[in-house]
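Remarks on the structure that follows.
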Amino acid sequence: MSAPTQIRLTRRMAMAIGGSALMVGLGSWDASARVLRLPTELASEIMSLPGRITLGNPRGDATMIEFFDYNCGYCKRSAAEIQPLLAADRNLRYVLVNYAILGEASIEASRVALAHSMQKTQGGYLALHLALFKLRGRVDAGRAVAASLELGANRDKLIADADSDRVTDALVLASRLGENLGLAATPSFVAGREAVVGYVDLPGKQKALANLRRCEALSC
């Protein structure tokens with residue numbers, strides 16, 4: 001049996017994970033992206049989410065968290081900006097949260113991606129993240145498995161982990177928290193006690209981080 005068909009995905013599970021609003025990115029920081037003020041207790045829960053991926057400086061003086069979906073066009077743009085952002089800001093902690101709200105293919109891809117994160121592979125999680133966003137068309141389990149294997153993942157472990165309750169729980173918790181925070185679009189970015197719902201380009205991210213360091217808000 002091929003790898004994709006071995007990944008369990010019941011209708012109930014898909015609804016549990018993908019129950020939040022299905023919206024695409026809303027534009028750039030300077031245009032139509034929306035800024036939300038977040039409850040402190042909910043914002044603090046993000047850094048305890050299982051399955052979150054930390055890039056950059058784990059002890060950085062500023063943290064930006066991106067909620068993304070592998071079938072989101074604006075998330076593709078944001079992915080291409082991660083390396084330039086980190087290269088220019090050595091004190092940045094950048095956290096990725098799989099937020100699969102755009103259908104079953106997205107859930108499948110996120111299951112494989114989270115399973116990939118449990119292995120030591122060439123380039124780590126970021127290599128797979130960038131590889132999936134370079135693909136054209138719908139990204140599903142089959143395409144995610146193929147990309148993971150190209151980076152050196154163990155196939156049997158990958159399939160077993162992708163099909164595990166551990167991965168399901170991670171996706172469900174991220175979906176519930178994102179919905180409770182009001183993150184009705186991908187990408188969404190959280191920094192401090194605020195969130196931007198919609199795409200933020202590289203200069204916008206840098207501006208937001210500068211403001212966060214200066215006045216602990218995205219806009220001073």
Side-chain angles (χ1 to χ4, degrees), residues 1-26 49-53 65-82 96-119 121 123-151 153-179 183-189 197-199:
M1 187 177 293
S2 64
T5 58
Q6 287 180 289
I7 296 177
R8 183 175 67 247
L9 181 67
T10 66
R11 179 174 178 79
R12 181 176 61 84
M13 185 185 301
M15 291 176 66
I17 298 172
S20 51
L22 305 183
M23 298 178 63
V24 297
L26 300 177
L49 280 174
R52 70 192 183 281
I53 306 297
I65 304 159
E66 179 181 350
F67 284 68
F68 69 92
D69 184 297
Y70 280 116
N71 285 297
C72 159
Y74 282 102
C75 299
K76 184 186 293 284
R77 295 188 188 182
S78 185
E81 296 164 350
I82 291 175
L96 295 172
V97 176
N98 275 270
Y99 191 45
I101 64 173
L102 298 179
E104 290 193 10
S106 295
I107 296 168
E108 293 174 3
S110 284
R111 292 182 74 89
V112 175
L114 288 173
H116 181 91
S117 73
M118 300 177 191
Q119 301 190 37
T121 54
Y125 187 89
L126 183 57
L128 179 71
H129 188 72
L130 298 178
L132 293 183
F133 276 119
K134 288 178 181 177
L135 296 174
R136 292 188 176 185
R138 201 75 171 159
V139 180
D140 58 11
R143 303 188 80 187
V145 167
S148 178
L149 295 181
E150 286 184 5
L151 293 169
N154 177 279
R155 183 181 184 277
D156 290 342
K157 177 173 170 52
L158 184 74
I159 300 306
D161 287 337
D163 195 34
S164 67
D165 290 338
R166 177 180 176 184
V167 163
T168 299
D169 290 346
L171 287 173
V172 169
L173 288 171
S175 179
R176 288 176 180 170
L177 181 56
E179 190 170 7
L183 309 183
T186 54
S188 286
F189 303 89
V197 181
Y199 172 66

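Heads up: numbering here begins at 1 and tracks the sequence.
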Going through the checks in order, is the side-chain contact (heavy atoms from CB on, under 4.5 Å) test met by Val172 and Thr168? CA-CA 6 Å; Val172 169; Thr168 299; 4.2 Å; yes
Heavy-atom closest pair (Ala184 atom, Val197 atom, distance to 0.1 Å) is N-CG1, 4.1 Å
Starting at CG of Leu126, measure out to CD1 of Ile53 and round the result to the nearest 0.5 Å. 10.0 Å
Considering all heavy atoms of both residues, which atom of Asp69 and which atom of Asn71 are nearest to each other, and what is their separation? OD1-N, 2.7 Å
Gln119 side chain to Asn154 backbone, donor-acceptor under 3.5 Å: yes
Which heavy atom in Ala100 sits nearest to a heavy atom in Ser110, and how many Å separate them? CB-OG, 3.7 Å
Reported CG-to-CG distance for the pair Asp156 and Asp161, which is rounded to 0.5 angstrom: 11.0 Å
What one should report as the nearest heavy-atom pair of Arg138 and Ala105 is NE-CB, 3.7 Å
Can you tell me how far CG of Asp163 sits from CD1 of Ile159, rounded to the nearest 0.5 angstrom? 8.5 Å
Give a yes or no on whether the backbone of Leu114 and the side-chain of Ser117 come within a donor-acceptor separation of less than 3.5 Å. yes
Polar side chain donor-acceptor pair, Ser164 to Arg111, under 3.5 angstrom: no
Search all heavy atoms of Val167 against all heavy atoms of Ala162 and return the closest pair with its distance. CG1-O, 4.0 Å
Side chains of His129 and Tyr70: does their closest heavy-atom pair fall under 4.5 Å? yes
As a quick check of understanding, evaluate side-chain contact (heavy atoms from CB on, under 4.5 Å) for Leu96 and Ile82, giving each step before the final call. CA-CA 10 Å; Leu96 295 172; Ile82 291 175; 4.1 Å; yes
Nearest non-hydrogen partners of Val97 and Ala174, listed with the distance: CG1-CB, 3.8 Å
Out of curiosity, Leu183 CG to Glu66 CD, how far, rounded to the nearest 0.5 Å? 11.5 Å
Quick one, Cys72 and Leu102 - any side-chain contact, counting heavy atoms below 4.5 Å? yes
Rounded to the nearest 0.5 angstrom, the SG-CZ distance for Cys75 and Phe67 is 12.0 Å
When the ring centroid of Phe68 is compared with that of Tyr99, is the distance short of 6.0 Å? no
Would a 4.5 Å heavy-atom cut-off, applied to side chains only, mark Thr121 and Leu128 as touching? no
Donor-acceptor under 3.5 Å (Lys157 side chain, Ala115 main chain): no
I would like to know whether Ile65 and Arg52 meet side-chain contact (heavy atoms from CB on, under 4.5 Å); could you show each step before the answer? CA-CA 9 Å; Ile65 304 159; Arg52 70 192 183 281; over 6 Å; no
